[in-house]
Amino acid sequence: MTDVRSRPGDPGSTPRPRKQEQEPASDEVSEVAPSVLRMQLPIFMPGLGHVNMYGLVDDRGLAVVDPGLPGPRSWRAIKARLRSAGFRLRDVHTVIVTHSHPDHFGSAGRIAREADAELITHLAFTVWTLRSKSSSRKQAEEAESEAAAVAELVDAPPDELPTIRDPLRDTPTQERQLESVPWGGETPWGGSRHPMPPFHKRILIRALRVLFTRPDPTRRVRDGERLVLAGREWRAVHTPGHTLDHLCLYDEEHGILLSGDHVLPTITPHIAGAGKGSDSLRSYLDTLDLVATLPGVELGLPAHGHPFDDVPGRVAVIKQHHAEREELLREASLASGTATVRRLAREIFPKRYWGVMAESETFAHLEHMVALGTAERIEDDGPFRYVMTEG
Ligand SMILES: [Zn+2]
Ligand SMILES: [Zn+2]
């Protein structure tokens, strides 16, 4: 899941050319590197037109990376793409999910079940909503215990885990509003709640639920673990930031990085605030530097958009974007005085982006500034408020 963001100073009303991440899914299958296929699956959400399902071909069949949303349209596209590439579903021996967003894991469980395939994620992968009011008590308890178990493994407090909404209740069009906080749930910064989905969408979602198979990883990898796929060795690179469980795969010998949503060719990935005192933006910036300095990367294979060659160059642009956002936020905060996340988000985002996602990213920036000592969080009865500590 990603976010199309206008840069500060954009007029906002002039039509801009379509970004490559917004192109509709082509049914063409292209070989982007020897034994590495790019297959595009349709996703329907503002700002994104397709997700790239990569096929890593070897003599056992193939592994697929990020096989799209749940639902019949996606499923038909998966089978059609595999067919054009000369494969059947049962040739899929491995499914890899780069992170816990539904456009990446949605059909992974079903493929793994129907093809009897291995399902690989990062150690911290979880798809359950925490503290969702609409979940049953049993579901909520399961979610909490899964989160606690994963937190122990990754040595992070449960609050820092990605609190991903229930994918069964998600719809593509709502994707951008529902980042990281359960529907109807309180946001960590206070003062905002996620809207419940409209009635007709709930019906659609119920239909989706029947077709959804929860992705249960058969292998959870840690940073640095090796995977042999497409006849080459890949190193798992843990890249938290966009989500805590984000995973890139790096083929050192051939200089290829499967970058997921960590680095995209023309749009800036969304960074969600993970919780009070948790600096998801720091994790993101640090792991951007990490992938920019991997030796010999000549090809970036993103989850959305075209393959690109200059990973370090793209990292520099994304970092610059966040530096500019931070400066804009600082100015807005100095002008507003002590202010809530919502107020500041509305100062720095154009109106069409107002909502929980904009607030979540503003919250991530503010908590980053608190960690740096350049801002202070004020907690009293209401939502958190923030003030700059130096001019
Ligand atoms: Zn994502
Ligand atoms: Zn995505």
Side-chain angles (χ1 to χ4, degrees), residues 1-5 19-25 38-54 64-71 73-74 77-78 95-108 121-122 124-129 161-167 170-181 215 237-249 257-274 280-281 283-284 287-288 291 300-308 314 318 321-322 356-358 360-361 364:
M1 173 152 55
T2 53
D3 182 21
V4 183
R5 185 71 39 79
K19 302 216 168 220
Q20 47 178 269
E21 291 89 343
Q22 295 171 299
E23 290 168 4
R38 178 186 178 211
M39 296 171 270
Q40 301 169 51
L41 303 177
I43 54 178
F44 307 97
M45 55 186 77
L48 293 172
H50 65 275
V51 62
N52 294 320
M53 172 176 81
Y54 292 101
V64 293
V65 182
D66 288 343
L69 286 167
R73 257 179 119 161
S74 185
I78 289 168
V95 183
I96 296 141
V97 177
T98 58
H99 66 289
S100 52
H101 281 158
D103 48 330
H104 300 257
F105 71 71
S107 288
T121 64
H122 180 259
F125 179 81
T126 172
V127 296
W128 288 119
T129 309
L161 289 172
T163 53
I164 303 304
R165 67 246 166 269
D166 186 339
D170 207 350
T171 65
T173 49
Q174 289 172 325
E175 173 88 4
R176 291 179 67 256
Q177 292 181 343
L178 291 172
E179 172 70 29
S180 125
V181 183
V237 184
H238 183 212
T239 45
H242 177 64
T243 61
L244 180 81
D245 59 1
H246 197 289
L247 192 65
C248 293
L249 292 181
L257 181 73
L258 277 158
S259 65
D261 279 359
H262 187 55
V263 186
L264 294 170
T266 74
I267 64 178
T268 310
H270 174 71
I271 304 304
S280 49
L281 182 58
S283 304
Y284 183 62
T287 52
L288 279 180
V291 298
L301 298 176
H304 312 278
H306 306 174
F308 59 109
R314 189 57 204 144
I318 295 171
H321 165 89
H322 282 291
V356 170
M357 267 187 89
S360 183
E361 186 151 319

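These numbers come from the heavy atoms of this one structure, side chains and all, not from hydrogens, waters or symmetry mates. For ligands, and for the atoms within them, numbers begin at 1 and follow the listed sequence.
- When distances to the Zn ion (ligand 1) are checked against a cut-off of 2.8 Å, Asp261 contributes an N, O or S atom below that limit.
- A ring-centre distance under 6.0 Å is not found for His101 and His246.
- Backbone or side-chain N, O or S atoms of His304 reach the Zn ion (ligand 2) at under 2.8 Å.
- A side-chain donor-acceptor contact under 3.5 Å links His238 to the backbone of Leu244.
- The atom name of the N/O/S atom in His101 closest to the Zn ion (ligand 1) is ND1.
- The Zn ion (ligand 2) has no N, O or S atom of His99 inside 2.8 Å of it.
- Side-chain atoms of Glu21 never come within 3.5 Å of backbone atoms of Leu48 as a donor-acceptor pair (strictly under, hydrogens ignored).
- Coordination check, His104 versus the Zn ion (ligand 1): failed, since every N/O/S atom of the residue sits at 2.8 Å or beyond.
- No side-chain donor-acceptor contact under 3.5 Å links Thr268 to the backbone of Ile318.
- Considering just the N/O/S atoms of Asp103, the one nearest the Zn ion (ligand 2) carries the name OD2.
- Because the distance cut-off is set at 2.8 Å, Asp66 fails to qualify as a neighbour of the Zn ion (ligand 2), as none of its N, O or S atoms comes that close.
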Discussion item. I'd like to know whether His99 forms a ring pair (Phe, Tyr, Trp, His ring centres under 6.0 Å) with Phe105, so could you lay out the CA-CA distance, the side-chain angles of the two residues, the decisive distance to 0.1 Å, and finally the verdict.
Written reply: CA-CA 7 Å; His99 66 289; Phe105 71 71; 8.9 Å; no
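- Formation of a donor-acceptor pair under 3.5 Å by the Tyr284 side chain with backbone atoms of His262 is found in this model.
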